[in-house]
Amino acid sequence: MESILNSLNDAQKEAVQQIDGPLLILAGAGSGKTKTITSRVAYLLKNGIPPSSILTLTFTNKAANEMRNRALSLIDEQLSYTPLLCTFHKFGLLFLKHHISHLDRENNFVIIDTDDKKRIIKSFDIDLPVSLIASEISRYKNNLVNPQEAIAGAQLPNFKKIAHLYQKYEAYLRQNNLVDFDDLIALPYQILDQKPDLARETSERYRYIMVDEYQDTNDLQLMLLKKLTTAHHNICVVGDDDQSIYGWRGANIKNILEFDRLYDDVKVIKLETNYRSTDHILECANKLISHNRNRHQKSLNGTKGKGDEVKLLSHDTENQEALKIAQMINDFLDEGVNLNDIAVLYRINALSRSIEEGLNRQGIAYKMVGGVKFYERAEIKDIISYLRLIANPNDDFSLKRIINKPKRGLGKATIDKLQAGAHDQRCSIFSYISEHQTELKKKIAKKPFDAITRFVDLMDHLIAKKEEGSLETLIDDLEDSFGIKSYYQMLPDAQERVLNIEEFYGLYRDFMIRNSDATLDDFLNDISLQSDQDQIDESSVSVMSIHAAKGLEFSYVFVIGLEEGFFPLLGDGTDIEEERRLGYVAFTRAKDALFLSHSESRFYKGKRARLSKSRFLSEAGLVKGSLKLNKDTAGYKKGMLVKHKIFGIGRVLAVSKVKRETKLKINFAGTTRDILASFVQKV
DNA sequence: TGGGTCACGGTTTTT
DNA sequence: CCGTGACCCA
């Protein structure tokens, strides 16, 4: 027990030992949050709490793995059962595997990603942007609004449309037994809500619950947690409201700001001692974040001494910026700094290109986190679709993706016929083409018919393979049957794509060897919850978005693109406080040296734009403030035409200022609405 | 059916 | 600027 508490400060000790009742740990950046959580898990175990009663929820797999390792290393004895420590989504998946039958569904469902979701929506005929529909559906789900309610509640024609698409989308998912990311949280909640006994039982099972990164939970996750604590109130949430950066994905900062209203007798412990950064860095971060109003008052106290001043780097162009930073990094390396200790961070991925070029020119090894994700590459998704179809032949969605890949002469016309035929028979496309061949033959020409027959035969063979359990070699049979690799060999970027395919085959075999009793479904679900955060830890400079840098720390940090418009990123529905929190997160990644860089101009979307310094630089005390407020107000005038995503085109009736925003009174086809200027575009 | 050309629009950020 | 989607012709 001593060994666990020994290395903790007083606040951390208190947090670790406070195991009963609701507890909010406000853990500032670099205040030893992970250490506190892992010590707390260890402390619970040491106090005889059975491992199976402890549930710890995190945001990324990476955080989950790291915490598991650290917690277990604090315990000497071997555990027969490891406490469940996973992401919210993984927890949802495990729960649904056991309980989805309560919703009258089979547990061989498949998880779809955002791209799949958009494809499904796109396959309906729509006249609104897919991204809008997708995000509205997400919103409905996160607010527990079902399609019927959505339709009943929708007022405007476009919302009516979206609500109907939502209904169609849900029907599609159900029919194909698909589950999207939102469902992984929403469906468990629905089940627990319908079955109070199950809620109680589940809550009894997990008597000690901990939640990491609580500032980034959404409403639905909060409700789910509420269900999980029906039988007790032993919930410990850990987070930092100043680091809430996922509002765009539905995270609700109120969850952490108002946690004490959720349960009686909430104990609050603040961890305000920062062990990571030097004082100059902290001062800069503290100053910046102090401009936010919506936050728990607190500040970080350093322990490392003053350190070097935070440096502002000014450049004319992004190429100069990249060159200069690459040179500086080279100098650090000459001084003996480790590649792993250096990071370049930015607000938007588009800025990575120039930096990569600069690092390449200087011959500096770097790793990009994010960008095009491995599992989202077209060639990988094709193979995944084949596997999904083998796992579940009724998955029309996957079938349509690969039925003509590699090309077998099956175009839109044929596929439409198959779809119509399947619809008439009320069965999936696959069962239609395998079981109604005589009928099919009458409908389509010989050539496509032969292609389909051959496709079905090969698939049947693979399905049989799966059923007899030869999963390890299934991937080779798949390649032998369909020649996906050789197909991509002929396409552009062949080399890279083939390498990706080979890597994927390797991952598949590896998974099947390591998990000998796993099913194909297990594999598919496992990879769909994987992010590529978990990269190989070779020695290199890290280049990534600030979001990707959450939870990480580096000795030397460069933040680039500190210009109005890029950071803060200004556009539809910008939340300036969240932008500022992102700045805070970026600054507090640095341990010893922080460099903030801006450029006078940048080449973006095909043209070069002149840019002014980010307001965050003056707010952090780095440049003397010459804040131009309401810069974009001037653009709007009475009588002007503007366009809104949902309301369409309207005419401006009046322009006014509210706080720092421009508010417009707009006439949309006879209806007058007050709307913030940031939500409309000039026509 | 599939390949080629042309116009458009767009990017935050991720489980 | 680059990738995607619509449209047209062989």
Side-chain angles (χ1 to χ4, degrees), chain A residues 57-64 86-93 111-119 122 129-131 134-135 138 142 179-186 213 216-218 220-221 244-251 345-354 369-373 375-376 378 404-416 444-445 447-448 451 491-493 525-534 544-551 561 565-575 578-579 581-583 585-586 602-609 681:
Chain A
L57 297 171
T58 62
F59 252 74
T60 61
N61 295 303
K62 194 177 149 219
C86 63
T87 62
F88 266 98
H89 291 86
K90 175 85 178 195
F91 176 78
L93 167 64
I111 303 169
I112 57 167
D113 67 15
T114 322
D115 178 65
D116 297 330
K117 178 179 177 183
K118 288 189 175 163
R119 276 168 194 270
K122 222 180 275 177
V130 231
S131 53
S135 65
S138 249
N142 283 305
V179 157
D180 68 16
F181 283 134
D182 298 319
D183 288 338
L184 287 175
I185 318 286
E213 307 282 10
D216 284 322
T217 50
N218 63 27
L220 190 53
Q221 286 166 328
S244 165
I245 56 175
Y246 284 95
W248 52 274
R249 181 172 112 180
L345 309 180
Y346 39 77
R347 176 65 176 84
I348 60 171
N349 278 139
L351 297 199
S352 72
R353 203 177 290 188
S354 58
V369 180
V372 198
K373 314 246 171 339
Y375 291 111
E376 286 169 19
N404 198 30
K405 228 180 266 184
K407 298 211 184 320
R408 349 185 134 79
L410 302 173
K412 193 174 178 311
T414 313
I415 293 170
D416 283 348
I444 59 177
K447 240 169 129 188
L491 267 47
D493 306 316
N525 285 331
D526 192 79
I527 60 173
S528 57
L529 291 183
Q530 212 133 75
S531 65
D532 6 56
Q533 292 283 90
D534 340 54
M544 63 181 118
S545 72
I546 298 165
H547 284 91
K550 172 171 166 160
F566 280 100
F567 193 11
L569 183 67
L570 302 170
D572 286 10
T574 294
D575 176 350
E578 181 153 316
E579 294 294 312
R581 290 192 292 269
L582 265 167
V585 170
R602 239 171 242 289
F603 201 68
Y604 184 60
K605 287 192 191 174
K607 51 179 191 279
R608 181 159 293 284
Q681 286 177 326

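Letters A, B, ... mirror the listed sequences (proteins, then strands); counts begin at 1. These numbers come from a predicted model, not from an experiment.
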- Can you tell me how far C1' of B:dT1 sits from NZ of A:Lys407, to the nearest Å?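 Result: 10 Å.
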Candidates [options] - which lies nearest the side chain of [X]:
X        : options               : value
A:His547 : B:dT1, B:dT11, B:dT14 : B:dT14
A:Ala413 : B:dG2, B:dT1, C:dC2   : B:dT1
A:Ala350 : B:dT13, B:dT11, B:dT1 : B:dT11
A:Phe181 : B:dT14, B:dT15, B:dT1 : B:dT15
A:Lys122 : B:dT1, C:dG5, B:dT15  : C:dG5

Applying a 4.0 Å non-hydrogen cut-off, can you work out what [X] is touching in the nucleic acid: base, sugar-phosphate, or nothing?
X        : result
A:Phe566 : nothing
A:Asp216 : nothing
A:Tyr246 : sugar-phosphate

- Message: Is A:Trp248 stacked against the base of B:dT13, taking the criterion as centroid distance under 5.5 angstrom and interplanar angle under 30°?
- Response: yes
- Message: Regarding B:dT14, can its base be found pairing with the side chain of A:Thr114 as donor and acceptor, where the two atoms are less than 3.5 Å apart?
- Response: no
- Message: Rounded to the nearest 0.5 Å, what separates atom CZ in A:Arg249 from atom CG in A:Asp182?
- Response: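 One finds 10.0 Å between CZ of A:Arg249 and CG of A:Asp182.
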- Message: Whether A:Asn218 contacts B:dT15 is assessed here as follows: a side-chain N or O lying under 4.0 Å from the phosphate OP1 or OP2. Is that the case?
- Response: no
- Output field: ring centroids A:Tyr604/A:Phe566 closer than 6.0 Å: yes
- Note: A:Asp115-A:Arg119 ion pair, threshold 4.0 Å (strictly below): yes
- Item | Test: A:Lys550 cationic atom under 6.0 Å from A:Phe59 six-membered ring centre, within 45° of axis | yes
